[in-house]
K.L.:
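My structure is below; once you've seen it, I'll send some questions.
Quick caveat: nothing in here was measured; it's all calculated off a predicted structure.
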Amino acid sequence: MGSTSDCGIRIAIDRGGTFTDCVGNPGSGKMEDDVIIKLLSEDPSNYQDAPLEGIRRLLSKFTGKEIPRGEPLDTTQIESIRMGTTVATNALLERKGERIAMVVTKGFKHCLEIGNQSRPKIFDLAIRKPEVLYEKVIEVDERVTLEDYAEDPERHVTNTEDLSVEENLVRGLSSEAVRILKRPSKDIIKTQLQGLYHDGFRSIAVCLVHGYTFPDHEALVGEVAREIGFEHISLSHKLMPMIKLVPRATSACADAYLTPAIKKYISGFQAGFEGVLGTESVKNERGAKGARCEFMQSDGGLVDVGLFSGLRAILSGPAGGVVGYALTSYDANTKTPVIGFDMGGTSTDVSRYGSGRYEHVFETTTAGVTIQSPQLDINTVAAGGGSRLFFRNGLFVVGPESAGAHPGPACYRKGGPLTVTDANLFLGRLLPEFFPKIFGKNENQGLDKEASERLFRELTDDINKEVTKDNEGKNMSPDEVAYGFIKIANETMTRPIRSLTEAKGHDTSQHRLATFGGAGGQHAVAIAESLGIRQILVHRYSSVLSAYGMALADVVDESQVPDSKTWSDEGGVVDELKKTMNELKEKSTAKLKDQGFNDDSIVFEEYLNMRYRGTESALMIVRPSKEEAEKDFKGDDWAFDKAFVKQHEREFGFTLPDRDIVVDDVRARGIGKSFEGLEKTVDMQLREIKPQDLGEGKRYDVSKVYFEGGRQDTPIYKLEDLDVGDKIQGPAILADGTQTIVITPGATALIIETHVVINIGKEEGQGNKISAKEVDPIMLSIFAHRFMAIAEQMGRALQKTSVSTNVKERLDYSCALFDSNGGLVANAPHLPVHLGSMSTCVTTQAEIWRGKLKPGDVIVSNHPEFGGTHLPDITVVTPAFNGKDIIFYVASRAHHADIGGILPGSMPPHSRELYQEGAAIKSEKLVSEGHFNEKRITELLYDEPAQYPECSGTRCLADNLNDLKAQIAANQKGINLISTLIEDYGEEVVQFYMRNIQDNAELSVRNLLKDVHKRFEGRDLSAVDYMDDGSPIKLKISIDAEKGEAIFDFAGTGPEVYGNTNAPEAVTYSAIIYCLRSLIEDDIPLNQGCLKPIDVRIPPRSFLSPSDKAAVVGGNVLTSQRVTDVILRTFAACAASQGDCNNLTFGFGGNLSTSAEATRGFGYYETIAGGSGAGPTWDGTSGVHTHMTNTRITDAEVFERRYPVILREFSLRSNSAGAGQHRGGEGVIRDIEFRIPVQVSILSERRVYHPYGLEGGEDAACGINYWVRHVQKGGRGYDREEWEDRWINLGGKNTASMRSGERIVVCTPGGGGWGKVGEESKAIKRKDEREMWRKGSLAQRTEMQESSV
């Protein structure tokens, strides 16, 4: 089991959701002596605790003496017990942790309810945010802030070496100057905490603003809480001293919520032993019965049982699997990276291991809770073998819904639904005789193949009825249907795996695939083929690899402190960082020695968390090895700066040589080595082995198994019957009692000592002719995935090669694929405001340039009249040719931070003419036959806007040019990928499915319109709403029920306005697509087909179809929201949401006049959440972005670090929601104090007209914007100079010069109510299937993509 010495019994256990896996070794360390036990995690009629039962059975086996159940287990002969457990994960998923309260700074009571203000699923009208873990919050009246700000153009830094002159200015842990604004009162804190204690709380989480660098106030709260008698106190600065209030607060809450549950479990576990467990027991030798006991943490390291905490336990089980495949599949000499593919019954996890180090993330969301703690980057990409199968709207759909463990798949004999497991069983890819007989009433029966077959026959009949309804297509067989679902399941999993690897700058085809988990072997070959991987490794213990990983893992001690230094080779910066690092290492060494490790067995990984100034893309950089230093850094193994630049280049595709590099954190990972590597790696074994083709002698059986094209006679082999060197030609199935490995035709399997090695040959199904005459629903589903994957990969290329913060970090872009007429085929990521508008742009450009374009030409446009939304969104369009004909287009649209105009940021609240908003490009060639026209684009962006009065050209030309080049590169990536698709399937087939995927979306919308017509009994639908200036938006929808078509007639809408709330026509099309998709509850392809049944009629020269000179910046961010409200009101779908984005900008500097030189300054832009509207089966949600926007808010601590502000309050606005049978959501209060003079602008709506209620529900409160202004007191009796704060209503759209100490307070609108007050609620508590298993960097990236506009 990976040890190097003969000693006592060693036991490793993974307690999973369904099964508990145990691997025991008598002390020899030899693999052949290992004993494996697999038992149910829950079996109360036989045993109380599965790990204890597993240990009892192993001890009985090794000692040769049967130990009765319930008898305390003697630890005398046990050297170590290592465990991974789902106790913390389950408590989080099921919300069954400790009852807790949160203690937070005054003004931030609702910080976790608001979170980052984005909603999880952009098309859900019934917005569901994860529930908070605490029951109660108390606010402490204390406050500190940072003295300096990062965006200071003068780069002023307060000297923190001598701060004795000012009592309220202190040096923080990060070396930053911290200003104490308000010290807390110990007596008041005591009273508040005693109130909590009296209410029965025994566990609290404490997180105060800037506590990561100034922990004194948190420490005071902790001290008082201990005096009162709280049993568990989670202080955020102790858990993870990293900047960001919200993730640190959720982490503190998670720890307070989970650690008591962990301690309770451990206490019960220890009670099952005669001796005591843990390092202390071994050191104290209590009756010679002590045994080491360590638990696996989320970061892949073990920790002593006494130090195991809830925060570090969430990925305890999956982490063991990563350690297992990493240490058994990676060779330090060949350095071939490995992708881990762990497919179990309820989830499929993907991770990566390369360069001999684990890949960690430091902020990720699990079960809806954002955790700030080092965790292995494990990404759950699907629901596993339990993923349910559906046929919806003409498409095969797999998941995300799961059958779970109960009732489980249909074949589990509990009346469950069809799942991926059923498909594998039905096709012969899963063998019942090799599956545990634990099903049926008496839990002694095998899998029920007949149940799977019956449901597949029923589903096949339904599919054939629907597919042949409108045409004479051929009937499908149940085999073809089941196999179709397998193919879609593989497509569903392949896309995120590719995203995970390519987003980090790696090529998937250069990896091996290590597969484990019960279901992985049935899908591994197909997954590898799709990713271009040629070799798969299946460990002999693959079904218990998480437990085996525990046996191989090292004990780890992580420590980290914040920093803020600018990297420099001079001035002692490196010496200070080395000193900090050494202090951390000394602490870790002491802790590891305390656990029995000596100096020889302790090694360190040293990290600096680094980023370029002005960006938020920090990279955790490991100290270069001596080998790397010699090769790349002239022998300097502390060349963190050069290592950062190198990694930035690889991951993001560029560097910023003129920017400072900032160190955010110093981290030391102390490792107590207990595993010294395998005797022979996979590569060593492959070099030595002499393969021999296997004859028929070792066959266990032959079975009819379905592969592409039909069932084939397939030999079945028992894994235990195979010898090292045996080579098996596919098709074949290798199986034992815990796993089934499918070898497809064209692949071969080779048996080596530790693994089954599968080499990929010809792809399954290669060379099969696909018809372009009849629609195959399986191929339609596959092409839907392929087209979307192309758009996603374009997006990754754009993000990687772009430079600006907007594109690279906020992911404010869209990439899309269009047919030869400019009709949308696939769009990713889904930014609602880009959905229909990009197609308008591409269609217009296709018409303008018809017959004039050549290969290598690229078009650029942003003009509202030509399909643009607002000027900062620049669209780049590239045609793809076959000979002289254009066969499709690709396009990318990105939000550029500045393109000129009267104000920095190109989002002025008072623009009256389009020229005031910056450069307006109708249609220009950006590239001519491969030549980038830099001169012309510079004229358009820099020279031409500056010719207008009080206007400037772009203020960041270099970023504009770089991002445009990135858009061109992204488009080229799309063309290359479609060209590959055409090579695989032929142009005719690709074009055929491009058209049919649009027809599929069209069918979904037609069905929706027919249902609406029926619901409203054939009545025409109409609605009207008013902008704050009184401009009406009128809509009448007339539905032709027979055809499933509708006219959306906006006749009666107000005329163009002399302001900036005019909305280009493209914005209305986007709003219509968004609303239609929101009304169709299932996922459908979002493309041009959605609009085919819709005849949109917009009155010319109305403010929804303005002239080409009209200002439009507010149309994109305000009017779009109001159009959406009107459409949804017409359908009576839900009450009004806040109908607004609350666009706030502030800053100083720029081109102040035509003669003056530009002043260096900064600009900041944010949108602020409000309330969402209630509906017929849901309450509104508070403090969230709605409809056409979903941008994240900057975290409070990052906000104050970057800008000269104090965020006084960010909370929910009580009594702003509309009351009703279902209450609307509350708006928010955002109170910002400025520390220097700045220009502040607000662009907002719903300050006059209330967000309406529906069906008797009450209206919500309007928003209001205040300027808290310092004014001199006046009037009689005032002969001395005195000042007061005066609250002034700014109105909805205004700009003001605010002085130091003045504030803007934005109170956003709530959401309207639904139904009459007092009527019984019909709200349905819905569950997002994906929330339960979304985790890792990929999920975080997807959320970021869905939270930009």
K.L.:
Kindly assign one of parallel, tilted or perpendicular to the pair Tyr265 and Phe269, based on the angle between their ring planes and the thresholds 30° and 60°.
P.N.:
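Tyr265 and Phe269: parallel rings.
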K.L.:
Checking Arg292 against Glu294 for the salt bridge (Lys or Arg N to Asp or Glu O under 4.0 Å) test, could you report, in this order, the C-alpha distance in whole Å, the side-chain angles of both residues, the deciding distance, and whether it holds?
P.N.:
CA-CA 7 Å; Arg292 292 184 71 92; Glu294 291 140 351; 2.6 Å; yes
K.L.:
Given salt bridge (Lys or Arg N to Asp or Glu O under 4.0 Å), test Asp683 with Arg512 step by step and report yes or no.
P.N.:
CA-CA 12 Å; Asp683 290 283; Arg512 282 172 166 155; 2.8 Å; yes
K.L.:
Would you call Glu688-Lys680 a salt bridge at under 4.0 Å N-O?
P.N.:
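Here Glu688 pairs with Lys680 in a salt bridge, since their nearest N and O are under 4.0 Å apart.
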K.L.:
Quick one about Thr754 and Gln685 (side-chain donor to acceptor, distance below 3.5 Å, no hydrogens or angles considered), yes or no?
P.N.:
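Judged by distance alone, the side chains do pair up.
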K.L.:
Distance-only, no hydrogens or angles: does the Tyr548 side chain make a donor-acceptor pair with backbone N or O of Ala551 under 3.5 Å?
P.N.:
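No, because the side chain of Tyr548 does not come within donor-acceptor range (under 3.5 Å) of the backbone of Ala551.
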K.L.:
Apply salt bridge (Lys or Arg N to Asp or Glu O under 4.0 Å) to the pair Arg56 and Glu66, showing each step before the final yes or no.
P.N.:
CA-CA 9 Å; Arg56 184 192 71 79; Glu66 184 63 25; 2.9 Å; yes
K.L.:
Say whether, by atom type as modelled, one donor and one acceptor occur between the side chain of Asn424 and the main chain of Thr421 under 3.5 angstrom.
P.N.:
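No; judged by distance alone, with no hydrogens or angles, the pair does not exist.
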K.L.:
State, without any angle test, whether Gln522 and Arg429 hold a side-chain donor-acceptor pair at a distance under 3.5 Å.
P.N.:
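Side-chain D/A pair, Gln522 to Arg429: absent.
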K.L.:
Keeping the roles fixed (side chain from Asp422, backbone from Ala410), state whether a donor-acceptor pair exists under 3.5 Å.
P.N.:
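Judged by distance alone, yes, a pair lies under 3.5 Å.
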K.L.:
Checking Asp299 against Gln375: is there a side-chain donor and acceptor pair closer than 3.5 Å?
P.N.:
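Looking only at side-chain atoms, Asp299 and Gln375 do not form any donor-acceptor pair under 3.5 Å.
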K.L.:
Between Lys673 and Asp600, is the closest basic N to carboxylate O distance under 4.0 Å?
P.N.:
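No.
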K.L.:
Give me the ring orientation class for Phe435 and Tyr412: parallel if the planes are under 30° apart, tilted from 30 to 60°, perpendicular past 60°.
P.N.:
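Tilted, since the angle between the ring planes falls between 30° and 60°.
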K.L.:
State the CD1-CE distance between Ile752 and Met684, to the nearest 0.5 angstrom.
P.N.:
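Answer for the CD1-CE pair, Ile752 versus Met684, is 12.0 Å.
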K.L.:
Flag the pair Gln270 / Val305 as yes when at least one side-chain heavy-atom distance between them is below 4.5 Å, and no otherwise.
P.N.:
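Counting from C-beta outward, Gln270 and Val305 do come under 4.5 Å.
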K.L.:
Measuring from Ile536:CD1 to Ile339:CD1, what's the distance to the nearest 0.5 Å?
P.N.:
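Ile536 CD1 to Ile339 CD1: 11.5 Å, rounded to 0.5 Å.
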K.L.:
Are the side chains of Ile78 and Leu59 in contact, using a 4.5 Å heavy-atom criterion?
P.N.:
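Yes. Closest side-chain heavy atoms under 4.5 Å.
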K.L.:
Between Asp721 and Arg699, does the salt bridge (Lys or Arg N to Asp or Glu O under 4.0 Å) criterion hold? Intermediate values first, please.
P.N.:
CA-CA 9 Å; Asp721 295 342; Arg699 281 187 184 178; over 6 Å; no
K.L.:
Is it true that Ser601 and Asn598 share a donor-acceptor pair across their side chains at a distance under 3.5 Å?
P.N.:
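Per modelled atom types, Asn598 and Ser601 side chains form a pair under 3.5 Å.
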K.L.:
Is there side-chain contact between Leu425 and Leu427, with heavy atoms separated by less than 4.5 Å?
P.N.:
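Of all side-chain heavy-atom pairs linking Leu427 with Leu425, none is under 4.5 Å.
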K.L.:
Is it the case that the side chain of Lys38 and the backbone of Val544 share a donor-acceptor pair, with hydrogens and angles ignored and the cut-off at 3.5 Å?
P.N.:
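No.
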K.L.:
Are Ser351 and Tyr325 linked by a side-chain donor-acceptor pair shorter than 3.5 Å?
P.N.:
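Distance-only check passes for Ser351 and Tyr325.
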K.L.:
Would you call Glu558 and Lys591 a salt bridge, using N to O less than 4.0 angstrom?
P.N.:
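Between Lys591 and Glu558 there is no salt bridge, as every charged N stays at least 4.0 Å from the carboxylate O atoms.
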K.L.:
Strictly by modelled atom types, are Asn25 and Asp34 linked by a side-chain donor-acceptor pair under 3.5 Å?
P.N.:
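Their side chains do contain a donor-acceptor pair, which is all the 3.5 Å distance test asks for.
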K.L.:
Using atom types as modelled and distance alone, determine if a side-chain donor or acceptor of Ser298 lies under 3.5 Å from a backbone N or O of Arg312.
P.N.:
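Looks like yes, one N/O pair under 3.5 Å.
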K.L.:
Is the distance between the ring centroids of Tyr717 and Tyr700 under 6.0 Å?
P.N.:
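No, the ring of Tyr700 stays outside the 6.0 Å limit from the ring of Tyr717, centre to centre.
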K.L.:
Looking at Lys30 and Glu32, does any basic side-chain N land under 4.0 Å from a carboxylate oxygen?
P.N.:
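A salt bridge is absent here (no side-chain N lies under 4.0 Å from a carboxylate O).
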K.L.:
For Ser542 and Gln739, test the side chains for any donor-to-acceptor distance below 3.5 angstrom and give the result as yes or no.
P.N.:
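Short answer, yes.
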K.L.:
Counting only N and O atoms by type, is there a donor-acceptor contact under 3.5 Å from the side chain of Arg413 to the main-chain atoms of Gly446?
P.N.:
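Flag set: sc Arg413 to bb Gly446 pair under 3.5 Å.
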K.L.:
How many angstroms lie between OG in Ser373 and CG in Asp255, if you round to the nearest 0.5 Å?
P.N.:
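The distance works out to 9.0 Å.
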K.L.:
Taking the side chain from His755 and the backbone from Val757, do they hold a donor-acceptor pair closer than 3.5 Å?
P.N.:
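The answer is no, because no donor-acceptor pair under 3.5 Å joins these two groups.
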K.L.:
Under 6.0 Å between ring centres, would you say that holds for Phe341 and Phe516?
P.N.:
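No, they do not, as the ring centres are separated by 6.0 Å or more.
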K.L.:
Could you check whether any side-chain heavy atom of Leu73 comes within less than 4.5 Å of a side-chain heavy atom of Glu274, counting everything from C-beta outward?
P.N.:
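Side-chain contact under 4.5 Å: no.
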K.L.:
Between the side chains of Thr76 and Asp74, is a donor N or O closer than 3.5 angstrom to an acceptor N or O?
P.N.:
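Side chains of Thr76 and Asp74: pair found under 3.5 Å.
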K.L.:
Could you tell me whether Lys593 and Asp557 make a salt bridge, using a distance below 4.0 angstrom between a side-chain N and a carboxylate O?
P.N.:
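So Lys593 does not pair with Asp557 through a salt bridge.
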K.L.:
Decide yes or no for Arg57 and Leu39: does some side-chain heavy atom of the first lie under 4.5 Å from some side-chain heavy atom of the second?
P.N.:
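Yes - at least one pair of side-chain heavy atoms lies under 4.5 Å apart.
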K.L.:
Roughly how far, to the nearest 0.5 Å, is CD1 of Ile36 from CG of Asp21?
P.N.:
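Atom-to-atom, Asp21:CG and Ile36:CD1 are 8.5 Å apart.
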K.L.:
If you measure from CZ on Arg540 to CG on Leu722, what distance do you get to the nearest 0.5 Å?
P.N.:
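If we round to the nearest 0.5 Å, Arg540:CZ and Leu722:CG are 8.0 Å apart.
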K.L.:
Would you check if Pro417 and Pro407 make a side-chain contact, meaning some heavy-atom pair closer than 4.5 Å?
P.N.:
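A side-chain contact under 4.5 Å exists here.
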K.L.:
Can any side-chain N or O of Thr515 pair as donor or acceptor with the backbone N or O of Val538 at less than 3.5 Å?
P.N.:
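Flag not set: sc Thr515 to bb Val538 has no pair under 3.5 Å.
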K.L.:
Check for a donor-acceptor pair, side chain of Ser267 on one end and backbone N or O of Lys263 on the other, with a separation under 3.5 Å.
P.N.:
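Judged by distance alone, no pair lies under 3.5 Å.
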K.L.:
Please tell me whether Ser41 and Thr20 have a donor and an acceptor in their side chains that are separated by less than 3.5 angstrom.
P.N.:
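Present: a donor and an acceptor within the cut-off.
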K.L.:
Flag the pair Arg69 and Glu53 as a salt bridge only when some basic side-chain nitrogen lies within less than 4.0 angstrom of an acidic carboxylate oxygen.
P.N.:
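Glu53 and Arg69: salt-bridged.
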K.L.:
Under a 4.5 Å cut-off applied to non-hydrogen side-chain atoms, are Ile55 and Ile81 in contact?
P.N.:
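Yes. Closest side-chain heavy atoms under 4.5 Å.
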K.L.:
Is there a donor-acceptor contact under 3.5 Å linking the side chains of Asp377 and Asn379?
P.N.:
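Present: a donor and an acceptor within the cut-off.
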K.L.:
Any donor and acceptor pair, going by atom type alone, linking the side chain of Asp726 with main-chain N or O of Asp723 inside 3.5 Å?
P.N.:
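Checking the backbone N and O of Asp723 against the side chain of Asp726, a donor-acceptor pair under 3.5 Å is found.
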